[in-house]
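What you are looking at is a predicted structure, and each value in this text was computed from that prediction instead of being measured.
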Amino acid sequence: MLLHIVARGRIGRSPEAELVDRYLKRIAWPTRVTELPDAGGRVPPREGQSRLILLDEKGENLPSMAFAERLGRWRDDGVREVRFMLGAADGFDDAARAEADLLVSFGRATWPHLMARAMLAEQLFRATSILANHPYHREG
C-alpha cells in the first residue's frame, strides 16, 4: 500500500526536510511525496481503492496504536493508496473535508506545515513499525 503525502508549500533544504527524509527512508512500505504550490497546482488524480486523509484542526486526535490499526485494516482490505493531504495556511474548506475518508489532527495546537509534515512522516514510520512488531513504539 502506497503512503502518499500531498502537501501545499515547498519544504526545500531545511531541518524539517531532513526529518521527513529520515523517517520516510525508514518505512518499508512504498512512499511518495507530492508538493504543490500554496495555491493552485494540480492534485494527482486518485485511483480506485484509495483513502483520503486530511490533516485538519477539526480532525480526530488518534493515538498511534489506533492510527496504525486503521492503516493495517485498510492494507488488509486491499486499499492501494492512502493519501495524506496537508493544506496551506488557511487549511481546508468544508467541501474538501466532506470528501475525506478521515480527518486527523495532531492536537489542539496549530503547527507550521513543515513541522506537520515531519510529524506525519514520523507517525507513518511509527505506524508501520507497530504493524511489523518492531520495538520502536513503546506503549504506556
Side-chain angles (χ1 to χ4, degrees):
M1 182 170 76
L2 174 66
L3 303 174
H4 188 177
I5 298 172
V6 179
R8 293 274 175 198
R10 306 273 184 214
I11 200 167
R13 290 183 168 181
S14 66
E16 296 88 358
E18 291 177 22
L19 277 174
V20 171
D21 288 343
R22 180 183 310 162
Y23 286 113
L24 292 182
K25 285 178 183 174
R26 293 179 183 177
I27 297 173
W29 299 16
T31 62
R32 178 180 303 148
V33 175
T34 301
E35 291 186 326
L36 300 171
D38 287 335
R42 186 164 182 247
V43 176
R46 285 175 58 195
E47 297 181 20
Q49 289 293 56
S50 67
R51 296 294 180 271
L52 179 63
I53 298 176
L54 270 55
L55 271 68
D56 188 85
E57 64 184 6
K58 296 181 180 182
E60 293 180 54
N61 190 0
L62 291 175
S64 296
M65 289 294 291
F67 183 66
E69 289 166 3
R70 182 87 50 113
L71 288 179
R73 189 168 50 251
W74 286 339
R75 176 201 59 196
D76 296 346
D77 288 345
V79 171
R80 299 186 55 144
E81 175 191 8
V82 178
R83 181 172 294 185
F84 299 88
M85 300 289 295
L86 288 97
D90 293 329
F92 299 102
D93 60 21
D94 289 336
R97 287 185 188 106
E99 288 182 30
D101 295 294
L102 178 64
L103 301 177
V104 172
S105 171
F106 286 144
R108 299 174 95 180
T110 301
W111 295 99
H113 74 279
L114 297 181
M115 291 294 296
R117 196 183 312 189
M119 292 163 54
L120 174 59
E122 191 281 336
Q123 282 299 296
L124 292 173
F125 171 64
R126 183 176 297 273
T128 57
S129 296
I130 289 168
L131 293 170
N133 295 314
H134 186 279
Y136 177 74
H137 177 73
R138 293 187 265 299
E139 191 75 17

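Within a 6.0 Å radius of CZ in Arg10, other residues, nucleotides and ligands contribute more than 12 heavy atoms. In the displayed structure, Arg32 atom CZ is contacted under 6.0 Å by at most 12 heavy atoms of other residues, nucleotides or ligands. At most 12 non-hydrogen atoms from other residues, nucleotides or ligands lie less than 6.0 angstrom from CG of Asp90.
Checked for salt-bridge contact, Arg73 and Glu69 miss the test: no charged N lies under 4.0 Å from a carboxylate O.
Atoms CD and CD1, on Glu60 and Ile53 in that order, are 10.0 Å from each other to the nearest 0.5 Å. Distance CZ/Phe125 to CD1/Ile27: 7.5 Å, rounded to 0.5 Å. Atom CD of residue Glu81 and atom CG of residue Leu3 lie 9.5 Å apart, to the nearest 0.5 angstrom. Summarising the geometry, atom CG belonging to Asp93 is positioned 8.5 Å from atom CD belonging to Glu99; distances are rounded to the nearest 0.5 Å. Of the inter-residue distances, the one linking Thr128 atom OG1 with Leu71 atom CG reads 8.5 Å to the nearest 0.5 angstrom. Residue Gln49 holds its CD atom at 11.0 Å from CE of Met1, rounded to the nearest 0.5 Å.
Annotation for Gln123 and Ser64: closest pair OE1-OG, 2.9 Å, computed over non-hydrogen atoms. Taking all atoms of both residues into account, the shortest heavy-atom contact from His4 to Pro44 is CE1-CG, 4.2 Å. Heavy atoms only, all atoms of each residue included: Arg46 and Asp101 are closest at NH2-OD2, 3.6 Å. When all heavy atoms of Ala127 and Phe67 are compared, the pair lying nearest together is CB-CD2, 3.8 Å.
Applying the salt bridge (Lys or Arg N to Asp or Glu O under 4.0 Å) rule to Arg97 yields the partners Asp56, Asp94; only residues at least two apart in sequence or on another chain are considered. For Arg70, there are no salt bridge (Lys or Arg N to Asp or Glu O under 4.0 Å) partners two or more places apart in sequence or in a different chain. The side chain to side chain contact (heavy atoms under 4.5 Å, CB included) search around Glu57 returns none, not counting sequence neighbours.
Pairs of residues two or more places apart, or lying in two chains, that qualify as side chain to side chain donor-acceptor pair (under 3.5 Å) and include a residue from residues 102-121 are Glu35-Arg117. Pairs of residues two or more places apart, or lying in two chains, that qualify as side chain to side chain donor-acceptor pair (under 3.5 Å) and include a residue from residues 16-29 are Ser14-Glu16.
Cluster partners of Met85, by chain and number: Val6, Leu36, Val43, Leu52, Leu54, Phe92, Leu103. The rule joins Ile, Leu, Val, Met, Phe, Trp and Tyr whenever side-chain heavy atoms lie under 4.5 Å apart.
Partner of Leu24 under the side chain to side chain contact (heavy atoms under 4.5 Å, CB included) criterion, chosen from Val33, Leu19, Leu120: Val33.
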### Message
Pair Met119, Leu55 - check side-chain contact (heavy atoms from CB on, under 4.5 Å), show working.
### Response
CA-CA 11 Å; Met119 292 163 54; Leu55 271 68; over 6 Å; no
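Residues Leu124 and Thr31 are not in side-chain contact: their nearest non-hydrogen atoms beyond the backbone lie 4.5 Å or more apart.
With hydrogens and angles disregarded, a donor-acceptor distance shorter than 3.5 Å links the side chain of Arg8 to the backbone of Pro37.
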